[in-house]
J.: 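Got a structure here, written out as structure tokens. Questions coming.
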Amino acid sequence: NRKHIIINYDLYTMPERRPFVRLPTDVYPVNYGLCLKPDLIDFTFEGKLEAIVKVNLATNQIVMNCADIDIITASFVPEGGEGEGEILLAFFPFFLEINATGFNYQNEDEKVTLSFPSALQKGSGTLKIDFVGELNDKMKGFYRSKYATPAGEIRYAAVTQFEATDARRAFPCWDEPAIKATFDISLIVPKDRVALSNMNVIDRKPHPEDDSLLEVKFATTPIMSTYLVAFVIGEYDFVEGQSSDGVTVRVYTPTGKAEQGKFALEVAVKTLPFYNDYFNVPYPLPKIDLIAIADFAAGAMENWGLVTYRETALLIDPKNSCSSSRQWVALVVGHELAHQWFGNLVTMEWWTHLWLNEGFASWIEYLCVDHCFPDYDIWTQFVSADYTRALDLDALDNSHPIEVNVGHPSEVDEIFDAISYSKGASVIRMLHNYIGDKDFRKGMHSYLLKFQHRNAATEDLWDCLEQASGKPIALVMRSWTKQMGFPIIVVDQEQQGDDRILKISQKKFCASGPHNGEDCPNWMVPISICTGEDPGCTKLKVLLDSPETTITINNISPDQWVKINPGTVGFYRIQYSSAMLEGLLPGIRDLTLLPVDRLGLQNDLFSLSRAGMISTVEVLKLMEAFVNEPNYTVWSDLSCNLGVLSSLLSHTDFHEEIQEFIRDLFTPIGLKLGWECKQGEGHLDALLRGLVLGKLGKAGHKPTLEEARRRFKDHVEGKQILSADLRSPVYLTVLKHGDSATLDTMLKLHKQADMQEEKNRIERVLGAISAPDLIQKVLTFALSEDVRPQDTVSVIGGVAGSSKHGRKAAWKFVKDNWEELHNRYQGGFLISRLIKLSVDGFAIDKMAAEVKSFFESHQAPAAERTVQQCCENILLNAAWLKRDADDIHQYLLKRKAPPV
Ligand code: BES
Ligand code: ZN
């Protein structure tokens, strides 16, 4: 009596929280002629817009988006129709020009209504607007970015960041992704500055009134969304290449650092033909520029033809950049270039479908890096970086569905989160695995072809993939994108002769334990199964379309283990019966399970322990089975979970015992790796060494601490410069066990550092310092001129994540400086990140209440959901601690006791 699942998606539509209406469609743009003149000294700009618009319905009002801009004049010139109008217009255009008589700003809604004394008639016309604005310092809209010249002089560049809803801060526009138009952009700039925009330059002439200025005109863009428009005016050098499919690629760097653009250029030149081939659709613009911007809120932004990056996401110095930076640059370049097709050529109809952009790009960036750098074993890293992160967040009651109704800009900002990115990428990975690469590509190609230069919604992608594969894609995928959360698959087995009977069922997994009760949601779960005979090979695939089912595996001997979800591709957790789990564990010790499955099993059990479904002691025992582990990513994930546990236990008086556990676990691999890079080692060895030494050093492993101090001294004295890969672990170790002199030395290194990567490396570990007065010094430093505005968050986060005292001090600092911090980021997504980093580690019930009440009186609209998630996490931590602390303590004591 198999019960098929019925999903009532209405249950999951979140209430609309802020009133919001989209722009009226009676007047819409066809082409924006836009000329901007930034003043890099006074931080203002003048703008002239001449937009060709279509009037659908006679009206005497035009409603557009507009924020922080002053309109000086606005008028409408109808295009001459047939007859009289045309003649009039040809000779007396001013005669028909209708001046707007009112500009009614609706600041809350970021809109302006232009009122005209008479009706604009159905047809075409030109809307002319002169306006002025400020080059702000909020890293959004048209803003100023501070940099130092090679001689040390402070100057400013003018740059843009429009996604999601900030093009309206640079010019009045129809700032919605579905309102596409072409753009003719001109910039009036000092003649010694570089001026860039989405398209190539077609004209460059001296300004008629001021010969220190140039007017630079760019080619007409294809039809595109406003959030993808970009311009940059500043001082840059570049390196240039040509992709095999004929696109000119330039990487722009700060002056004097062109060399540092070479790595990204190589990646970009390989990546463009890779996507061209994968999508079987050519890149539609003649050029693409990748540029490093000093002050930059996100990691990077995919503006069509002019991709902007943080310096640390683009610049690589052969000597001073570490392996993880190289990998990060490759991933980010791969991500943003994917958007040139998926996002720019085909754009989401509305922000509800943001995940299409971000989830897809976050998946395919790995495919691209795997293509360019097969030795990175990047797909295993995906599981640790994205998949598990998404499962953790999505297990909360305060998660949200991938497809979520959003309206107001603050709601849009809020969904640039791990659900859109990491869960999005994870369900695409599961889908790709379910469909198979060949049909998946076929479907992607037809989707891009069908919707190019237009907009699409999630269902449109399902349709194309369904066509290509013949599988029920929409039915399966809706269960993953329209309802929040994911299932835990409960498995038990029974041997019957040569057959193994598996009993499989699903329940919603919640961070507080499985969902028990009526109305338990269900998913359409693609399930694959492998056995000990061939751990890398899927023996059986089924689609679980009901709450429970049984599956028979034929011809399997009783001693063979059976594993669900080989490759850790399905987006769910698994709970095995104890017998099945017993059977799997030896596969960890003898490494017969795949690395990705060793990682997945460990991560599942860790999360089950946090949810109270198994004891944390079981997980500690499991972790000890990893002594022979050679794989970087497996260690990295384990290390991360141990970090969570260590942070939890910093609330107890046996914190030192877990440090000892960590030292014991990491010592053998530490000894094996040593400090020196050995012949024939690769990327992953370098990452593993850094991870292990950092872990040992932080946990107070004496030999590691001594060696780190010795090497740090040599480094500071210039006797022996630390290799880039050893710097983070050494800095962390000496700081953790350091004094005020150590901190001063680190701050000096920070000041001297020429590369932003080195500055960030230092900033991220400063919080490791232990003494309370020094922690305070670090927090003050976080808000100083020496830290770029976007990096303040990671300094404060570093303090919060380092110790019990740091956690309290960071939270107090955030409260005390709330005004300044909130104002600095104007709500944006960095404030959410700051909140999460500052409070997620608490494990006392009353802290949840305190955090909640603080944000009731200190509003951060774009961080509302983050605050709820943090409060939930604090309560979960507290429950975990109450439940398991004693057992953990006993176990840690017992393992030290001499055997009787
Ligand atoms: N479209 C985003 C940039 C963005 C992020 C705009 C947040 C507005 C708000 C871009 O494609 C992106 O996803 N950047 C990532 C890096 C990427 C490699 C995950 C980022 O900025 O973190
Ligand atoms: Zn993206």
Side-chain angles (χ1 to χ4, degrees), residues 138-141 143 159-169 175 177 225-230 264 267-268 271 275 290-293 295-304 306-314 324-348 351 353-369 378 381-382 385-386 389-390 406 409-426 428 760 790-791 793-794 825-833 836 862-863 866:
K138 310 293 181 203
M139 299 184 286
K140 58 199 235 179
Y143 71 94
V159 305
T160 56
Q161 168 60 41
F162 288 168
E163 196 180 14
T165 55
D166 293 319
R168 63 192 67 172
R169 288 170 212 281
D175 199 9
S225 308
T226 47
Y227 80 91
L228 294 166
V229 171
V267 177
T271 297
Y275 288 144
L290 290 71
I291 185 165
I293 306 293
D295 296 337
F296 196 79
M301 174 64 210
E302 70 267 26
N303 317 299
W304 214 356
L306 175 55
V307 186
T308 44
Y309 295 79
R310 274 194 193 191
E311 290 185 357
T312 46
L314 192 68
S324 66
S325 293
R326 245 171 260 274
Q327 181 176 307
W328 178 237
V329 168
L331 284 168
V332 182
V333 170
H335 179 107
E336 305 310 337
L337 294 191
H339 279 315
Q340 306 301 309
W341 286 261
F342 213 97
N344 302 5
L345 184 61
V346 178
T347 311
M348 68 246 143
W351 299 108
H353 306 282
L354 171 73
W355 87 276
L356 271 185
N357 265 11
E358 298 306 347
F360 186 84
S362 299
W363 171 76
I364 206 167
E365 66 184 71
Y366 284 85
L367 201 69
C368 164
V369 168
I378 202 73
Q381 297 195 55
F382 175 89
D386 284 280
R389 199 163 81 101
V406 284
S410 67
E411 291 173 9
V412 177
D413 279 349
E414 196 168 40
I415 57 168
F416 285 83
D417 67 356
I419 296 300
S420 301
Y421 279 77
S422 298
K423 183 181 180 182
S426 298
I428 294 211
N760 281 185
Q790 69 268 24
D791 296 324
V793 171
S794 56
Y825 304 124
Q826 293 285 299
F829 56 89
L830 282 173
I831 206 81
S832 301
R833 248 174 244 179
K836 185 170 168 58
T866 298

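The shown structure was predicted, so the numbers you read here are calculated from the model rather than taken from an experiment. Both ligands and their constituent atoms are indexed starting at 1 by order of listing.
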J.: Of all N, O or S atoms in Glu358, identify the one at the shortest distance from the Zn ion (ligand 2).
T.: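 Atom name returned: OE1.
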J.: Can you tell me the protein heavy atom closest to atom 3 (C) of ligand 1 and the distance?
T.: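 Of the protein heavy atoms, Ala300 O, 3.1 Å lies nearest.
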J.: Restricting to N, O or S atoms of His339, which is nearest to the Zn ion (ligand 2)?
T.: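 Per the distance ranking, His339 contributes NE2 as its closest N/O/S atom to the Zn ion (ligand 2).
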J.: Any heavy-atom pair between the side chains of Gln327 and Leu331 that's under 4.5 Å?
T.: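 Heavy-atom side-chain distance check passes, below 4.5 Å.
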J.: Does any part of the side chain of Trp355, heavy atoms only, come nearer than 4.5 Å to the side chain of Met348, both counted from C-beta?
T.: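 No, every pair of side-chain atoms sits at 4.5 Å or beyond.
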J.: Taking the non-hydrogen atoms of Gln161, is any one of them nearer than 4.0 angstrom to ligand 1?
T.: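 Flag set, Gln161 near ligand 1.
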J.: Assess, by modelled atom type and distance only, whether the side chains of Asp295 and Tyr143 contain a donor and an acceptor separated by less than 3.5 Å.
T.: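 Side chains of Asp295 and Tyr143: no pair found under 3.5 Å.
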J.: How far is atom 7 (C) of ligand 1 from the closest protein heavy atom, and which atom is that?
T.: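 The protein heavy atom lying closest is Phe416 CD2, 3.3 Å.
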J.: Closer than 4.0 Å to some heavy atom of Glu302 - which atoms of ligand 1 meet that?
T.: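 Per the distance check, 1 (N), 2 (C), 10 (C), 11 (O).
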J.: On a heavy-atom basis, I'd like to know which of Glu365, Glu163, His335 is closest to atom 4 (C) of ligand 1.
T.: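 Going through Glu365, Glu163, His335 one by one, Glu163 has the nearest heavy atom to atom 4 (C) of ligand 1.
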J.: What residue and atom, counting heavy atoms only, is the protein's closest point to atom 11 (O) of ligand 1, and at what distance?
T.: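 Nearest neighbour among protein heavy atoms for atom 11 (O) of ligand 1, to 0.1 Å: Glu336 OE1, 2.7 Å.
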J.: Quick one: closest heavy-atom pair of Glu336 and Ala300, and the distance?
T.: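 So the two residues come closest at OE2-CB, 3.3 Å.
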J.: Main chain of Glu302, side chain of Gln340: is a donor-acceptor contact present, judged purely on distance under 3.5 Å?
T.: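 Judged by distance alone, yes, a pair lies under 3.5 Å.
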J.: Residue-level breakdown please: for Ala298 versus ligand 1, do any non-hydrogen atoms fall below 4.0 Å on the side chain, on the backbone, on both, or on neither?
T.: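 The answer is both, backbone and side chain.
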J.: What atoms of ligand 1 come closer than 4.0 angstrom to any heavy atom of His339?
T.: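 The atoms of ligand 1 under 4.0 Å from a heavy atom of His339 are 11 (O).
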J.: Report yes if Ser362 has an N/O atom closer than 3.5 Å to an N/O atom of ligand 1; otherwise report no.
T.: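 Ser362 vs ligand 1: no N/O contact under 3.5 Å.
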J.: What do you reckon, is NZ of Lys138 surrounded by more than 12 foreign heavy atoms closer than 6.0 Å?
T.: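 Atom NZ in Lys138 is crowded, with more than 12 foreign heavy atoms closer than 6.0 Å.
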J.: Tell me the protein heavy atom at minimum distance from atom 20 (C) of ligand 1, and give that distance in Å.
T.: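 So the nearest neighbour among protein heavy atoms is Gly299 N, 3.3 Å.
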J.: Parallel, tilted or perpendicular: which fits the ring planes of Trp363 and Phe360, with parallel below 30° and perpendicular above 60°?
T.: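 The rings of Trp363 and Phe360 sit tilted, inter-plane angle from 30° to 60°.
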J.: So, do Tyr227 and Trp351 have ring centers that fall under 6.0 Å from each other?
T.: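 Yes, the ring centres sit under 6.0 Å apart.
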J.: For ligand 1, find out whether one of its N or O atoms is nearer than 3.5 Å to an N or O atom of Val332.
T.: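 N/O-N/O distance under 3.5 Å: no.
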J.: If you define the side chain from C-beta out and look only at heavy atoms, does anything of Phe162 sit under 4.5 Å from Asp175?
T.: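 In short, these two side chains do not touch, never coming nearer than 4.5 Å.
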J.: In terms of residue, atom name and distance, what is the protein heavy atom nearest to atom 13 (O) of ligand 1?
T.: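 The protein heavy atom lying closest is Tyr421 OH, 2.7 Å.
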J.: Taking atom types as modelled, find out whether Ser794 and Asn760 have a side-chain donor-acceptor pair closer than 3.5 angstrom.
T.: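 Asn760 and Ser794 do not have a side-chain donor-acceptor pair below 3.5 Å.
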J.: Within ligand 1, which atoms have a heavy atom of Phe829 less than 4.0 Å away?
T.: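 Taking each heavy atom of Phe829 in turn, ligand 1 has 7 (C), 9 (C) under 4.0 Å.
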